[in-house]
K.L.:
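Attaching a single structure in structure tokens format; questions to follow.
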Amino acid sequence: MKIIRYVNSVRKRKLPLAPLLLLLCLGVAAGGCGPANSTAPSGSAAAKEGAPRHKLTIMLDWYPNAVHTFLYAAQQNGYFAEEGLDVDIQMPADSNDALKLVAAGKVDLALSYQPQVLMARGEQIPVKSVAAIVRHPLNHLMVPADSGIKSPKDLAGKAAGYSSVPLYEAMLKTMVRTDGGDPAAVNLIDVGFDLIPAISTGRVDGIIGGFINHEQLILEKEGHPVTSLDPTAYGVPDYYELVLVASEQGLQNSKADIQKFINAARKGQRFVQEQPQQALELLLAHEDATAPLDKDIEAASLEILLPLMDAGDVPFGYQDPESWDKVQKWLSDNGLLNGEVNSQEAFINL
């Protein structure tokens with residue numbers, strides 16, 4: 001029963017971007033994002049001098065799981081406090097809330113997805129990415145390991161399920177086309193949140209919208225091993241799966257404090273890399289009672305995530321301008337952007 005509840009909670013994570021304008025207007029009327037510029041000392045000086053900490057709120061993309069371990073490490077190990085921050089980590093009621101609330105100034109920061117940031121800006125929603133958290137796609141095309149399907153074009157004449165998100169439908173079509181197949185020959189079925197039962201029962205021959213650090217692990221644990229096909233090998237740009245987002249107003253008001261948050265987050269990620277098991281225990285201490293975590297799956301998830309979060313020779317969180325250009329072009333070419341979107345205005349490296 002525990003694994004079933006876990007699966008249902010995971011499914012709810014991935015919903016299409018909802019219209020944000022009404023909530024944004026309410027946020028603007030309330031006075032923008034966050035308080036005015038903080039003058040609290042940076043680093044450990046704030047804690048030593050007893051200065052009041054500047055409060056920041058961050059909304060997760062969904063319930064706490066392995067990808068958020070660096071945040072809980074930063075919180076529990078005092079890295080936020082060392083930067084003079086009091087950070088409140090919140091969970092959204094649904095997966096649309098995070099971007100809505102940061103755009104409306106109801107929270108200071110949010111975790112979202114690189115394509116969604118660009119699509120939001122196409123809707124005139126003034127949000128901006130301030131750090132890349134997961135640097136490569138977690139969403140892969142998955143097919144049963146014994147299906148004989150070796151590449152996307154092999155789905156011709158077969159059924160593929162996707163999770164109600166036009167972005168994922170466009171990804172699958174790009175993969176099939178790039179592989180030399182005809183997307184029209186694939187029977188696309190919107191299975192909503194039922195990705196796992198759709199493939200495990202044979203209703204579909206493949207799924208897009210499942211993450212290699214969650215759905216793939218769950219399927220394997222339940223005795224349904226799958227082969228995952230990386231979309232970046234078949235024409236989809238190598239996008240940032242998870243990014244840290246602020247509003248433009250929030251950056252104007254509290255840029256220094258957001259920089260301090262990122263400084264602490266980098267310390268948290270370094271701790272996770274050096275002591276993953278201890279970091280995982282910090283995460284499990286904060287699991288949501290309505291979405292209990294499976295320790296084995298989260299441990300395997302963290303092992304998958306760590307190399308995908310590694311920024312190499314650049315600081316954790318660094319964003320490559322070329323990545324934003326490529327993702328913007330692909331979204332535009334696939335009819336997923338409204339109006340003109342300047343990719344270089346969608347992010348900032350602090």
Side-chain angles (χ1 to χ4, degrees), residues 3-4 6-17 95 113-116 119 134 136-239 241 297 300-301 304 308 326-327 330-336:
I3 193 72
I4 293 174
Y6 179 74
V7 171
N8 288 337
S9 297
V10 171
R11 289 184 197 137
K12 296 177 183 177
R13 182 184 65 235
K14 299 178 282 294
L15 292 176
L17 182 68
S95 60
Y113 312 93
Q114 186 182 23
Q116 275 77 358
M119 289 188 285
V134 180
H136 308 282
L138 298 171
N139 175 18
H140 286 200
L141 171 61
M142 297 178 192
V143 298
D146 60 358
S147 66
I149 297 172
K150 302 300 183 183
S151 68
K153 66 182 178 183
D154 294 338
L155 284 170
K158 301 182 185 298
Y162 69 101
S163 56
S164 304
V165 181
L167 173 67
Y168 299 158
E169 182 181 2
M171 288 175 64
L172 181 57
K173 290 181 177 179
T174 294
M175 293 177 72
V176 172
R177 186 182 304 110
T178 302
D179 193 35
D182 180 7
V186 181
N187 180 22
L188 287 170
I189 299 175
D190 184 350
V191 299
F193 298 136
D194 293 330
L195 287 167
I196 288 178
I199 193 170
S200 63
T201 62
R203 179 186 172 194
V204 297
D205 302 289
I207 55 173
I208 189 83
F211 281 20
I212 57 174
N213 67 314
H214 277 294
E215 280 82 356
Q216 181 172 348
L217 298 176
I218 294 168
L219 283 162
E220 290 174 351
K221 186 166 186 174
E222 293 185 341
H224 304 286
V226 295
T227 298
S228 65
L229 300 174
D230 187 344
T232 67
Y234 300 97
V236 177
D238 190 10
Y239 65 87
E241 188 68 67
I297 286 178
S301 174
I304 291 170
L308 301 180
K326 289 180 178 179
V327 175
W330 181 82
L331 289 171
S332 180
D333 290 346
N334 284 272
L336 294 171

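Quick caveat, the model's predicted, so the values are computed rather than measured.
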K.L.:
With rounding to the nearest 0.5 angstrom, report the CD to CD1 distance, Glu220 to Ile218.
P.N.:
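Going from CD on Glu220 over to CD1 on Ile218, the span is 10.5 Å.
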K.L.:
Only one of Ile189, Leu188, Asn187, Val143 passes side-chain contact (heavy atoms from CB on, under 4.5 Å) with Val204; say which it is.
P.N.:
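Among the candidates, only Ile189 passes.
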K.L.:
Answer yes or no: is there a side-chain heavy-atom contact under 4.5 Å between Val226 and Ile207?
P.N.:
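Val226 does not reach Ile207 side chain to side chain.
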K.L.:
Return the minimal non-hydrogen interatomic distance between Phe211 and Asn139, and the atom names on each side.
P.N.:
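Reported closest heavy-atom pair: CE1-CB, 3.7 Å.
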K.L.:
Taking all non-hydrogen atoms of both residues, which atom of Leu336 and which atom of Met119 are closest, and how far apart?
P.N.:
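Smallest heavy-atom distance, with atoms named: O-CG, 3.3 Å.
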K.L.:
List the atom of His140, the atom of Leu229, and the distance in Å for their closest heavy-atom pair.
P.N.:
CB-O, 3.5 Å
K.L.:
Please report the shortest heavy-atom distance between Gly161 and Leu195, naming the atom on each side.
P.N.:
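Taking every non-hydrogen atom into account, O-CD2, 4.2 Å.
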K.L.:
Please report the interatomic distance CE(Met175) to CG(Leu155), rounded to the nearest 0.5 Å.
P.N.:
9.0 Å
K.L.:
Has Asp205 got a side-chain atom pairing as donor or acceptor with Ala159's backbone, closer than 3.5 angstrom?
P.N.:
yes
K.L.:
Quick check: do Pro183 and Leu172 have side-chain heavy atoms less than 4.5 Å from each other?
P.N.:
no
K.L.:
Which atom names give the shortest non-hydrogen contact between Pro137 and Pro237, and what distance separates them?
P.N.:
CG-O, 4.4 Å
K.L.:
Which is it for Asp190 and Tyr162 under the side-chain contact (heavy atoms from CB on, under 4.5 Å) test, yes or no, and what are the steps along the way?
P.N.:
CA-CA 5 Å; Asp190 184 350; Tyr162 69 101; 3.9 Å; yes
K.L.:
Test your reading of the model: is there a side-chain donor-acceptor pair from Asp179 to the backbone of Val176, 3.5 Å cut-off?
P.N.:
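Answer holds: no.
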K.L.:
Step by step, would you call Leu331 with Leu167 a side-chain contact (heavy atoms from CB on, under 4.5 Å)?
P.N.:
CA-CA 8 Å; Leu331 289 171; Leu167 173 67; 3.8 Å; yes
K.L.:
Does the Gln114 side chain pair with the main chain of Tyr239, one donor and one acceptor, at a distance under 3.5 Å?
P.N.:
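No, the answer is negative, given that no donor and acceptor are paired below the 3.5 Å cut-off.
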K.L.:
Nearest 0.5 Å, what's the CD-OG1 distance between Glu169 and Thr174?
P.N.:
10.5 Å
K.L.:
Go through the steps to decide whether Ile149 and Thr227 satisfy the test side-chain contact (heavy atoms from CB on, under 4.5 Å), and finish with yes or no.
P.N.:
CA-CA 9 Å; Ile149 297 172; Thr227 298; over 6 Å; no
K.L.:
Looking only at non-hydrogen atoms, find the nearest pair between Val186 and Ala156 and report the distance.
P.N.:
CG2-N, 4.2 Å
K.L.:
Quick one: does Ile212's side chain get under 4.5 Å of Leu308's, heavy atoms only?
P.N.:
yes
K.L.:
Check for a donor-acceptor pair, side chain of Glu215 on one end and backbone N or O of Ile196 on the other, with a separation under 3.5 Å.
P.N.:
no
K.L.:
Output the distance between atom NE2 (His136) and atom CG (Asp230), rounded to the nearest 0.5 Å.
P.N.:
9.5 Å
K.L.:
Is it true that a side-chain atom of Ser301 and a backbone atom of Asn213 form a donor plus acceptor pair closer than 3.5 Å?
P.N.:
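Indeed, once roles are kept as given, a pair shorter than 3.5 Å links the two residues.
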K.L.:
Can you measure from CD1 (Ile304) to CD (Gln216) and round to the nearest 0.5 angstrom?
P.N.:
6.5 Å
